[in-house]
Q: 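Can you read through this structure? Questions will come right after.
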Amino acid sequence: ETGVTQTPRHLVMGMTNKKSLKCEQHLGHNAMYWYKQSAKKPLELMFVYSLEERVENNSVPSRFSPECPNSSHLFLHLHTLQPEDSALYLCASSQDLGGGGSTDTQYFGPGTRLTVL
Amino acid sequence: QKEVEQNSGPLSVPEGAIASLNCTYSDRGSQSFFWYRQYSGKSPELIMSIYSNGDKEDGRFTAQLNKASQYVSLLIRDSQPSDSATYLCAVEGPYDYKLSFGAGTTVTVRA
């Protein structure tokens with residue numbers, strides 16, 4: 001495996017279900033991100049982790065719960081979601097955070113297409 | 001909150017022509033600028049990054065940055081049908097690791 005991988009690629013869940021999205025990066029990067037992409041809207045940053053510490057929670061509802069057990073893995077735990085949470089959820093990683101320059105370049109995984117019924 | 005504006009398109013160009021995409025941003029202190037290509041149903045793929053004023057060329061792609069005008073553009077020369085996609089402009093500030101994305105410009109290259 002190379003780059004950034006995400007599983008599952010597609011997920012359909014009811015509003016009372018609990019599910020988790022998984023992201024793994026094979027690039028040796030120190031920072032990982034969760035984004036939400038809804039139709040016709042810009043990517044929305046949800047969470048940022050640097051060296052396994054959360055450095056950003058961009059006003060995300062508590063029904064989304066991130067977890068970063070190590071610098072290569074990132075999870076997004078979902079519970080009691082709403083239909084408006086249906087979107088493409090993208091994971092990204094970068095070598096470092098901040099300061100500008102090439103080490104901040106973010107590389108995206110293929111995404112999880114989530115549908116909440 | 002940095003704002004990034006792009007023309008949503010669609011931008012339709014004939015095969016072999018130049019496609020010109022524009023992006024403006026609100027935070028004058030922004031330092032890093034990226035163009036991502038996103039095919040329908042796929043994730044964004046980095047195609048260009050630019051950090052200083054002027055032009056940067058990579059194959060058929062040229063990024064142009066003018067910080068005084070808070071403007072970054074992407075030119076696609078000799079457009080091919082495979083260039084049909086949505087192009088996302090992303091901007092990062094000097095002390096803020098967060099990328100702000102535009103809504104994207106959809107490009108259609110007609111054969």
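Lettering of chains follows the sequences in order, A, B, ..., and the numbering in each one begins at 1.
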Q: For A:Leu43, which atoms come within 4.5 Å of any heavy atom of chain B: side chain, backbone, both, or neither?
A: both
Q: Evaluate the salt bridge (Lys or Arg N to Asp or Glu O under 4.0 Å) criterion for residues B:Glu92 and B:Lys98: first the C-alpha distance (whole Å), next the side-chain angles of each, then the deciding distance (0.1 Å), finally the verdict.
A: CA-CA 6 Å; B:Glu92 180 184 302; B:Lys98 289 184 278 189; over 6 Å; no
Q: Once you measure the plane-to-plane angle for A:His29 and A:Tyr107, does it fall in the parallel (<30°), tilted (30-60°) or perpendicular (>60°) bin?
A: tilted
Q: Is it the case that the side chain of B:Thr106 and the backbone of B:Pro10 share a donor-acceptor pair, with hydrogens and angles ignored and the cut-off at 3.5 Å?
A: no
Q: Would A:Lys22 and A:Glu67 count as a salt bridge (Lys or Arg N to Asp or Glu O under 4.0 Å) if you check the C-alpha gap in whole Å, the side-chain angles of each, and the deciding distance to 0.1 Å?
A: CA-CA 10 Å; A:Lys22 178 183 177 181; A:Glu67 178 189 2; over 6 Å; no
Q: Chain A: which of B:Gly104, B:Gly102, B:Ala90, B:Pro44 shares the most heavy-atom pairs with it under 4.5 Å?
A: B:Pro44
Q: For chain B, which of A:Arg113, A:Gln37, A:Gln6 has the most heavy-atom pairs under 4.5 Å?
A: A:Gln37
